[in-house]
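Just below is one structure, and these are the notes that go with it.
In this text the structure is predicted, and so the values were computed from the model without any measurement. Values below: every heavy atom of this structure, side chains too, minus hydrogens, waters and symmetry copies. Note on naming: letters A, B, ... go to the chains in the order of the sequence lines (proteins, then strands), and numbering restarts at 1 for each one.
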Amino acid sequence: MNGLLMRRKIVNGVMLSLTGIFTFLTISVLFLILGYLVYYGGRSLDWHFFTRLPLSPGEKGGGMANAIVGTVQIVGMAALIGLPIGFLAGVYLAEFEDRRFASLVRYVADLLNGIPSIVVGLLAWSLVVVPMRRFSALAGSIALSVMLVPIVTRQTEQFLREVPSTLREGALALGASKWKMIATVVVPAGSKGVLTGMILGVARIAGESAPLLFTSLNNQFWGGLTQPTASLPQMIYTHAISAYEDWHQQAWAAGLVLITLVLVANIAARLVLARGISVPRG
Amino acid sequence: MVARLITLAFAAAILLVALLLVRQLWIGSAAARHSLGFGFLRSSEWNPVTEKFGALPFIYGTVVTSVVALLISVPLGLGAAIFLSELAPAGVSNGMTFLIELLAAIPSVIYGMLAIFTLVPLMRNYVEPFLKTTLGRLPLFQGPAYGVGYLTAAMILAVMTIPFIISVSRESLLAVPREQREAALALGATRWESTWQVVVPYAKLGILGSVFLGLARALGETMAVTMVIGNDPKISASLLAPGYTIAAVIANEFTEATGTIYPSALVELGLVLFGLTIVINGVARLMIMATTRKGSRR
């Protein structure tokens, strides 16, 4: 009897410590990644990185100014397309519940959210690149906006649902129309959460590379709305798989810049803006 | 009324995008579907020069890397989720969950770059030779140690799926009513016994949902895998061998695919991948919905 109790206690101790070790291991991966990026990226990051165009391997002092501008263009335009659509669809799901249709939209949005990003790239390729007969920043933006819409829809819905129904009833009791109630009471009350969701969504698509492979492609020079355009994720990819040491250095620098952008957006959104509200998973 | 119609239109746009996606993949793969038929899914030869297109090596690579990845990430992720929901004080748990969410936010191309520069040499010089000397008799660990291949891709996929498994499992575990734990402890169970025999079974549907969600992520993951899989359209029993996945072959070959059948065959591969992830995601979402509903009813 005592032996059995002993065994149970040992199993208890071992398994509970294992769960702690697993947690520690997982979190240490984050710091390992950040450490590598800061160390190697920091060594190769200089002012030229932000101001100059990429150079051929072997030449010193190139930068990725075009990729930084390109990422801002592509992601900015994707946000312009995707955020309003996602927001309004989210308002619909939260405020106008038609049981069947709303749950269908919700389910399809979740499925869209899980579609491999490379498949979204194929969609944008067939819809934009083929008719335009050229790779373009616009095609990349459309691919990214397809990924953004379901994220923003679901987050908007979640946060608007958290607005207490007494606020809605108060507004309606004062004689506001439903439209007025949503615009002046519900959305402002849920605005912090909605904004958080939007920032997280944009941060997520900003790091996407697969949907851009055959939409915005890449460019060693400045791109444009209807031109193939460089972006940071694409540059990291092409530079990291190249065989040149200087290009690897540039890839590290680009990795550091990209992760800084993504993490700053995440931390700002989750810690500052969304203080005290729980962010649902996309 | 107007507001309803406007927002309804945008909600309907989501359905439209989904339909458009299916339509474009279907039309885009028409040439390959007509000329290759079902042989496409059964053939394991991929040679664009002779116009031989078989999907099997890619399907195999996709499934093998994802399954091996989950064999690593499910125990780790479930363990960490148990720690975060059952043991850690709420403040610590929230802080750690925040860090894990950040891990999920890291772009896939950065995982790929780090894998190329750190994991691949590590695998080539230490892990793979070690596996060969200890487990080399198994067909799983034979052949030269390249550093790139199924196992390396699976490792990186494991790291990338852990955050999803942790956060969804943690939420399902947190949704288990307190009384369940208290009852088990009152009957004399140890902390671990109450967790493993009562709390985890109670949340099993949600945990299974998290596994499927992770599986869908792993199947469709592109950049990180493309950078370390080795890009060899062959089926090898050994996990150390280079292979290929569906997403990786589309990423590598789509822009250079010429003719009509070749790009169309790649789109058909995209269709296969789409189908796989839709089914798995569909099941996962239903499971997760079922547990959260159960939790809120308590």
Inset, instruction - Against chain A, label B/L76 side chain, backbone, both or neither, depending on which of its atoms sit under 4.5 Å from a heavy atom there. - result: both

Legend entry - Option in B/V267, B/I82, B/V159, B/L20 with maximal non-hydrogen atom pairs under 4.5 Å from chain A: B/L20

Legend entry - Max heavy-atom pair count under 4.5 Å with chain B, selected residue of A/G121, A/G255, A/G20: A/G20

Inset, instruction - Answer yes or no: is there a donor N or O on one side and an acceptor on the other, between the side chain of A/N12 and the main chain of B/T190, under 3.5 Å? - result: no

Inset, instruction - Specify the closest pair of heavy atoms between B/A189 and A/R8, including all atoms of both residues, with the distance to one decimal. - result: CA-NH2, 3.8 Å

Legend entry - Most chain B-contacting option - heavy-atom pairs closer than 4.5 Å, from A/I118, A/L123, A/I115, A/V14: A/I118

Inset, instruction - Examine whether an atom of B/T226 lies under 4.5 Å from a heavy atom of chain A, and if so say whether it belongs to the side chain, the backbone or both; otherwise answer neither. - result: side chain

Legend entry - Considering all heavy atoms, the nearest B/A3-A/W179 contact: CB-CE3, 2.9 Å

Legend entry - Part of A/V149 lying under 4.5 Å from any heavy atom of chain B: side chain

Inset, instruction - Please determine, among B/I116, B/L271, B/V17, B/L102, the option with the most heavy-atom pairs under 4.5 Å with chain A. - result: B/L102

Inset, instruction - With a 4.5 angstrom heavy-atom cut-off, could you sort out which part of B/L87 is near chain A: side chain, backbone, both or neither? - result: side chain

Inset, instruction - Hey, could you give me the CZ/OG distance between A/F22 and B/S73, rounded to the nearest 0.5 Å? - result: 11.5 Å

Legend entry - Structural part of B/L99 lying under 4.5 Å from a heavy atom of chain A: both

Legend entry - Structural part of B/I162 lying under 4.5 Å from a heavy atom of chain A: side chain

Inset, instruction - Measure distances from A/L213 to the heavy atoms of chain B and classify the residue's part below 4.5 Å as side chain, backbone, both or neither. - result: both

Legend entry - Residue B/I166 versus chain A: region with a heavy atom under 4.5 Å: side chain

Inset, instruction - Identify the heavy atoms of B/R4 and A/Y92 that sit nearest to each other, and give their distance. - result: O-CD1, 4.2 Å

Legend entry - Point-to-point distance, once rounded to the nearest 0.5 Å, from CG of A/L111 to CD1 of B/I278: 4.5 Å

Legend entry - Proximity breakdown for B/L103 and chain A, heavy-atom pairs closer than 4.5 Å: both

Inset, instruction - Answer with side chain, backbone, both or neither: which region of A/W125 has an atom nearer than 4.5 Å to a non-hydrogen atom of chain B? - result: side chain

Legend entry - Contacting region of B/A284 [heavy-atom separation from chain A under 4.5 Å]: neither

Inset, instruction - Heavy-atom pairs under 4.5 Å with chain A are the metric here; pick the option from B/W196, B/F98, B/F254, B/Y111 that has the most. - result: B/F254

Legend entry - B/F117 to A/A240 - nearest heavy-atom pair and separation: CZ-O, 3.9 Å

Inset, instruction - Return the option, out of A/V262, A/L16, A/V108, A/V91, with the maximum number of heavy-atom pairs under 4.5 Å with chain B. - result: A/L16

Inset, instruction - Quick one: pull up OG1 in B/T97 and CD1 in A/I27 and give me the separation to the nearest 0.5 Å. - result: 7.5 Å

Legend entry - Residue A/Y107 excluded, over 12 heavy atoms near OH under 6.0 Å: yes

Inset, instruction - Pick one of side chain, backbone, both or neither for A/I267, based on which atoms fall under 4.5 Å of a heavy atom in chain B. - result: both

Inset, instruction - Working to the nearest 0.5 Å, report the span between CD1 of B/I110 and CD1 of A/I33. - result: 9.0 Å

Legend entry - Interatomic spacing from CZ in B/F83 to CZ in A/F24 - rounded to 0.5 Å: 11.0 Å

Inset, instruction - Under 4.5 Å heavy-atom distance to chain B, tell me which part of A/V119 shows up: side chain, backbone, both or neither. - result: both

Inset, instruction - Please state whether the side chain, the backbone, both or neither of A/T153 comes within less than 4.5 Å of a heavy atom of chain B. - result: side chain

Inset, instruction - Let me know if B/L21 has heavy atoms under 4.5 Å from chain A in its side chain, its backbone, both or neither. - result: both

Inset, instruction - Kindly compute the distance separating CD1 (B/I14) from CD1 (A/I85), expressed to the nearest 0.5 Å. - result: 9.0 Å

Inset, instruction - Name the region of A/Y40, side chain, backbone, both or neither, that has any atom closer than 4.5 Å to a heavy atom of chain B. - result: neither

Legend entry - Under 4.5 Å from a heavy atom of chain B, the part of A/L32 involved: neither

Inset, instruction - Count the heavy-atom pairs under 4.5 Å between each of A/N266, A/L112, A/D110, A/I236 and chain B, then report the option with the highest count. - result: A/D110

Legend entry - Structural part of A/F135 lying under 4.5 Å from a heavy atom of chain B: side chain

Legend entry - Where B/T277 and A/G114 come nearest, the two heavy atoms and their spacing: CB-O, 4.4 Å

Inset, instruction - Looking only at non-hydrogen atoms, find the nearest pair between B/P107 and A/I259 and report the distance. - result: CD-CD1, 4.3 Å

Legend entry - Enclosure of A/Y244 OH (heavy-atom neighbours >12, cutoff 6.0 Å): no

Legend entry - Residues, nucleotides or ligands: over 12 heavy atoms within 6.0 Å of A/R43 CZ: yes

Inset, instruction - Check each atom of A/P150 against the heavy atoms of chain B and say whether the ones under 4.5 Å are side chain, backbone, both or neither. - result: neither

